[in-house]
Amino acid sequence: MGKTLAEKILSEKSESEARAGEIVIARVDLVFVQDTTGPLTVRQFQESGLKHLASPGRTALFLDHAAPSPNSSLSNDHMLLRHFAQETGCLIYNTGDGVCHQLVAESFARPGDVIVGADSHTVTAGGIGAFATGMGSSDIAIALGLGKTWLRVPESIKVVISGNFPAGVYAKDLALHLIGNIGANGATYKALEFSGSGIDIMPMHERLTIANMTVEAGAKAGLFPADRVTRDYLISRGRGNHFRMLQPDGDANYEKTININLAGLEPTVARPHTVDNIVTARELKGTKIDQVFIGTCTNGRLEDLAVAATILQGKKRCPQTRLIVAPASRQVLLAAIKAGYIQTLLEAGAAVLPPGCGPCLGLHQGVLGDGESCFSTANRNFKGRMGNPEAFIYLGSPATAAATTITGEITDSREVI
Amino acid sequence: MLTGKAFKFGDNISTDHITPGRLAHLRSNLPELAKHVMEDADPGFASRVMAGDFIVAGANFGLGSSREHAPLAIKLAGVSAVLAKSVARIFFRNAINLGLPVLLCDTDRINNGDTLEIDLKAGTVSDITNGNQFTFSKITRVMGDILDSGGLIPYIQEHGDFRL
Ligand code: SF4
């Protein structure tokens, strides 16, 4: 019998017949941590007795969550990570370089890779066809030293996408729609594998958005085939040599199949305080928003800023609504400056932050006040997520976010253009 | 045999309820972080929980972030096991890696404040308060071995590598 993408990749990396349900030991192609999970990982690595990194050139530390650092404790954590990089010769990305998952997509992920990161949204690299999954610091500490990890080969759910997005509807709306339908634990321990005519033409930034959010349904990995779109993306990143074709076998065994026709989707919003609490943007018309945040590993890419800038061109933010924009990486910011998007957003009234996680996890740069509501392009709206358990977070696409900025209440972007 | 009191929680308790992102500056000061554990789900929890007590949750406990600080803070607060109907994948692995048992069972049969007796080897939970007795599901062998070693770091110290 044929293999799913997950079975194919894990068979190769474990040099065994990896079938769903089996436990394998897989070689890892990239191991990484970020600044809020890294310090514990480093301490555990030191405690483990493992002396050396298995592969310093494929080990990366990202200072992105608390960068620039808001206080001395986190600055000390940054120092610890810088010191570790110096000692071991691994790669380090500093304040202003960008969010780990965006940098992994830009510079590292290859089809067929196994990638483990001490961050749950490591699944993002599944957009490029890598089996990428988040783990905690103990697992990552051991992967640093051994260059491998144990994995239970997941069952896969096939998501078949057909049709085209209607105007005003984007990958984020699809991701929210899917999570809303299967629930926040609808894919726990499983891989979500995407295919269909709607995927064949789907550009990489949209695949990354969708793969990023698969963990919000509990998935261990969100996998896209590696095809022409993947090849073109890697070539555009100067990594054409990293491309290989990767498709699941036609007779692979899927636990179930979910069919979604893009033509039937609407701009979708997740209401507080769970990601599967979805409704259409239209149904939330009139919901007042104090802060709009455009950015993150979900929707902080160039194409996202382009959509927002197009809607906000020549417009101003609602005086009662502030707009915060954090590009996902230095290269995204540079390209957005060149294309004029940053100027447009600034003229519309945005506060533009350095590349990084920004206010996404409630550490700094945009913590909400008591009772305030935020419309965010991030992936999580849990209670307390943006620094205040008394606040409310709505999730949606950059287009809905931009339209909401203009009116000050949740707005379907098709009503303002 | 583990004995303690049940602290009940509902479904979908996320890592942001357990150790919120806003407290990331305490992640290198674990005893202080543990004083805030579960703060956004039950603000008084850390001051009421006693060594040996249990967290008893509904479905999808620990969803969200990969921060191992979440199960670590639970462990440091003295909790001896987490019981839940289901647990998010990364949290499950992290807890076992720290030597914190996670037991999957029908938690509807336990009430808040009940005294529980848990036999990890036999796989049984006895609710002393209401007399219910039931079993929890087995974990995979590799996880069982890691738990027996007291966590992944001691397991690797002991074996030097994974042993399937
Ligand atoms: S942008 Fe948000 S979700 Fe993405 S890695 Fe940073 S904190 Fe996590």
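None of the values given here were measured: they were computed from a predicted structure. Proteins get letters first, then strands, A, B, ... in listed order; numbering begins at 1 in each.
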Side-chain polar contacts of residues 92-102 of chain B - donor-acceptor pairs under 3.5 angstrom, sequence neighbours left out - could you list them?
from	atom 1	to	atom 2	distance (Å)
B:Arg93	NE	A:Asp139	OD2	2.8
B:Arg93	NH1	A:Trp150	O	2.9
B:Arg93	NH2	A:Asp139	OD1	3.3
B:Arg93	NH2	A:Thr149	OG1	3.4
B:Arg93	NH2	A:Trp150	O	2.7
B:Asn94	OD1	A:Gly136	N	3.1
B:Asn94	ND2	B:Ser66	O	3.0
B:Asn97	ND2	A:Asp139	OD1	3.2
B:Asn97	ND2	A:Asp139	OD2	2.7
B:Asn97	ND2	B:Arg93	O	3.3

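With a 4.5 angstrom heavy-atom cutoff, A:Val275 does not touch chain B via any of its atoms. The parts of A:Ile25 that come within reach of chain B are both its backbone and its side chain, each placing non-hydrogen atoms under 4.5 angstrom from that chain. Looking at A:Leu50, only its side chain comes within 4.5 Å of chain B, counting heavy atoms on both sides. With a 4.5 angstrom heavy-atom cutoff, A:Thr188 touches chain B only via side-chain atoms. Of the atoms belonging to A:Asn185, heavy atoms from both backbone and side chain fall under 4.5 Å from chain B. For A:Phe382, the part sitting under 4.5 Å from any heavy atom of chain B is the side chain, from C-beta outward, and nothing else.
Here B:Gly64 is the residue among B:Ala70, B:Gly64, B:Pro20 with the most heavy-atom pairs under 4.5 Å with chain A. Chain B forms more heavy-atom pairs under 4.5 Å with one residue of A:Gly362, A:Gly183, A:Cys360 than with any other, namely A:Gly362. If you tally non-hydrogen atom pairs under 4.5 Å between each of A:Arg43, A:His65, A:Arg152 and chain B, the highest count goes to A:Arg43. Each of A:Gly49, A:Gly145, A:Gly117, A:Ser137 has some count of heavy-atom pairs under 4.5 Å with chain B, and the biggest count is that of A:Ser137.
Closest approach of A:Ser48 and B:Ile153 over heavy atoms only: CA-CG2, 3.7 Å. Heavy atoms only, all atoms of each residue included: A:Thr36 and B:Ala24 are closest at CG2-CB, 4.2 Å. Closest approach of A:Ala184 to B:Leu63, counting heavy atoms only: CB-CD1, 4.4 Å. The two residues B:Val87 and A:Tyr189 come nearest to each other via the heavy atoms O-OH, 2.8 Å.
With contacts defined as side-chain heavy-atom distances shorter than 4.5 Å, the pair A:His364/B:Arg22 does not qualify. Counting only heavy atoms from C-beta outward, the side chains of A:Thr133 and B:Arg89 approach each other to under 4.5 Å. In this structure, B:Ser14 and A:Arg385 have side chains that are not in contact, with every pair of non-hydrogen atoms separated by 4.5 Å or more. Counting heavy atoms from C-beta outward, B:His69 and A:Leu40 have side chains that approach closer than 4.5 Å. Contact check for A:Met135 versus B:Glu68: no side-chain heavy atoms found under the 4.5 Å cut-off. Within the 4.5 Å cutoff, the side chain of B:Phe162 has heavy atoms near those of the A:Ile142 side chain.
One side chain, A:Asp77 or B:Ser28, offers a donor N or O that lies under 3.5 Å from an acceptor on the other.
Looking at A:Lys148 and B:Asp161, a side-chain N of the basic residue comes within less than 4.0 Å of a carboxylate O on the acidic one, giving a salt bridge. Contact check on A:Lys383 versus B:Asp40 returns no salt bridge, with no Lys/Arg side-chain nitrogen under 4.0 Å from an Asp/Glu carboxylate oxygen.
For B:Arg109, the CZ atom is densely surrounded, since the number of other residues' heavy atoms within 6.0 Å is greater than 12. Within 6.0 Å of atom CZ in B:Arg141, 12 or fewer heavy atoms from other residues, nucleotides or ligands are found, so the atom counts as exposed in its surroundings. Remark: B:Lys85 NZ is packed, more than 12 non-hydrogen atoms of other residues, nucleotides or ligands lying under 6.0 Å away.
Once rounded to the nearest 0.5 Å, the distance linking CD of B:Glu32 with OG of A:Ser73 reads 10.5 Å. Atoms NE2 and CG, from B:His25 and A:Asn71 in turn, are 6.0 Å apart once rounded to the nearest 0.5 Å.
Without hydrogens or angle criteria, B:Gln157 side chain to A:Glu47 main chain gives a donor-acceptor distance under 3.5 Å.
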